[in-house]
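Before any comments, here is the structure.
For the numbers below, each heavy atom of this structure counts, side chains included, while hydrogens, waters and symmetry mates do not. Numbering of ligands and ligand atoms starts at 1, following listing order.
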Amino acid sequence: MAAQPSAKKQRTHPQYELLYHPGIPGRGEFVRLAFEAAGVAYTDTANEVKDGYSTVQQICMNKGTESADGNPPVFSPPALRVPGAGKDGKSALVIAQTPNILFYLGEKLGLVPEDDEPGRYHVQQVALTALDLNNEVHDTHHPIAVMKYYEDQKDEALKKSQDVRENRLPKFFSYFEKTLKFNEKASGGQGKYLVGDKLTYADTTVWQVLDGCMFAFPKEMETRKEEFSDLLVSFYDNIKQESGLKQYLTSKRRLPYSMGVFRHYPELDRQ
Ligand SMILES: N[C@@H](CCC(=O)N[C@@H](CS)C(=O)NCC(=O)O)C(=O)O
């Protein structure tokens, strides 16, 4: 059954389908958080539909020259399928790449500043930066080869994670804090949001990466809380309380972290 965070905007939206791997939050989570924060229903195909993962595989991981419904090929999940939004206005649209999906949904879900083109690009800029950090965290356990086991690249993983924890996290965190401060002055955001005066997908995307880092590197993140309290305490706690998100985060739809992008290997955390 489709996730029904709230029926409030249901009438004005197609039945969006998130195409992603089952059982892990992964990059699909950035898209789920956008829907959940907006209170717009979507189908999480691999997790909710019988044989849903074979649909995901057919569309996102096939050997052909199209994904589905005359849409171009997709490199890998996540993808979004939107019935009725294809070129002819009848077939489905299939788009991929997490930030591309978020950019598509941003305006439709009310998760970008209204009538504000620079604001929309700023939201995308912040989200892209958070996704860069997401990729760097992924590389802490897979620094050499994506298709090989962590155990086969442990020595390099130790070096990579030390560098990410010691140098990269503080650089990203200070950028996000500067963005919060900029927004406080620019739009009266009161330090609550990254762009503008209401929730955007920049907030949900940064929040998810912070949350993932807290799972992957609990000791490192605890130590960093004092230095980056505006981000890791105030912002993090505020976003968690947003309507839609608060309910979702304690629901069964919120999947636990396991062997996806964010993994907890104690040896890769601060010692
Ligand atoms: N830049 C892409 C990365 C997509 C990606 O790496 N997807 C993973 C799952 S989170 C995958 O299935 N990758 C298969 C592969 O790279 O071969 C995005 O943000 O969507």
### Query
With atoms numbered from 1 as shown, which atoms in ligand 1 lie under 4.0 angstrom from a non-hydrogen atom of Phe75?
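Result: 16 (O).
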I need the nearest protein heavy-atom contact for [atom]: residue, atom name and distance, please.
atom	result
atom 1 (N) of ligand 1	Gln97 OE1, 2.7 Å
atom 10 (S) of ligand 1	Tyr20 OH, 2.9 Å
atom 19 (O) of ligand 1	Thr98 OG1, 2.9 Å
atom 7 (N) of ligand 1	Pro77 O, 2.8 Å
atom 6 (O) of ligand 1	Arg27 NH1, 3.1 Å

Would the distance check show the side chain of [X] and the main-chain N or O of [Y] forming a donor-acceptor pair, the cut-off being under 3.5 Å?
X	Y	value
Asn238	Ser234	yes
Arg165	Leu268	yes
Asp69	Gly86	no

### Task
State whether the shortest distance between N or O atoms of Pro78 and N or O atoms of ligand 1 falls below 3.5 angstrom.
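Such a contact does not occur with ligand 1.
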### Task
Looking only at distances, please establish whether an N/O atom of ligand 1 is found under 3.5 Å from an N/O atom of Ser76.
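Yes: some nitrogen or oxygen of Ser76 is under 3.5 Å from one in ligand 1.
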### Task
Look at the rings of His122 and Phe182 and say which category their plane angle falls in: under 30° parallel, 30 to 60° tilted, over 60° perpendicular.
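If you compare the ring of His122 with that of Phe182, the planes turn out perpendicular.
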### Geometric cation-pi criterion Lys108 and Tyr104, 6.0 Å radius, 45° cone
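Relative to the ring axis of Tyr104, which defines the angle, Lys108 lies inside both limits.
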### Query
Is the Phe228 to Phe173 ring centre distance short of 6.0 Å?
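Centroid separation for Phe228 and Phe173: below 6.0 Å.
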### Residue from Tyr175, Phe176, Phe172 passing side chain to side chain contact (heavy atoms under 4.5 Å, CB included) with Leu231
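When Tyr175, Phe176, Phe172 are each tested with Leu231, the side chain to side chain contact (heavy atoms under 4.5 Å, CB included) holds only for Phe176.
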### Query
Any non-hydrogen atom of His21 lying under 4.0 Å from ligand 1?
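True for this residue.
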### Query
Just to confirm, does any protein heavy atom lie below 4.0 Å from atom 17 (O) of ligand 1?
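So atom 17 (O) of ligand 1 lacks protein heavy-atom neighbours under 4.0 Å.
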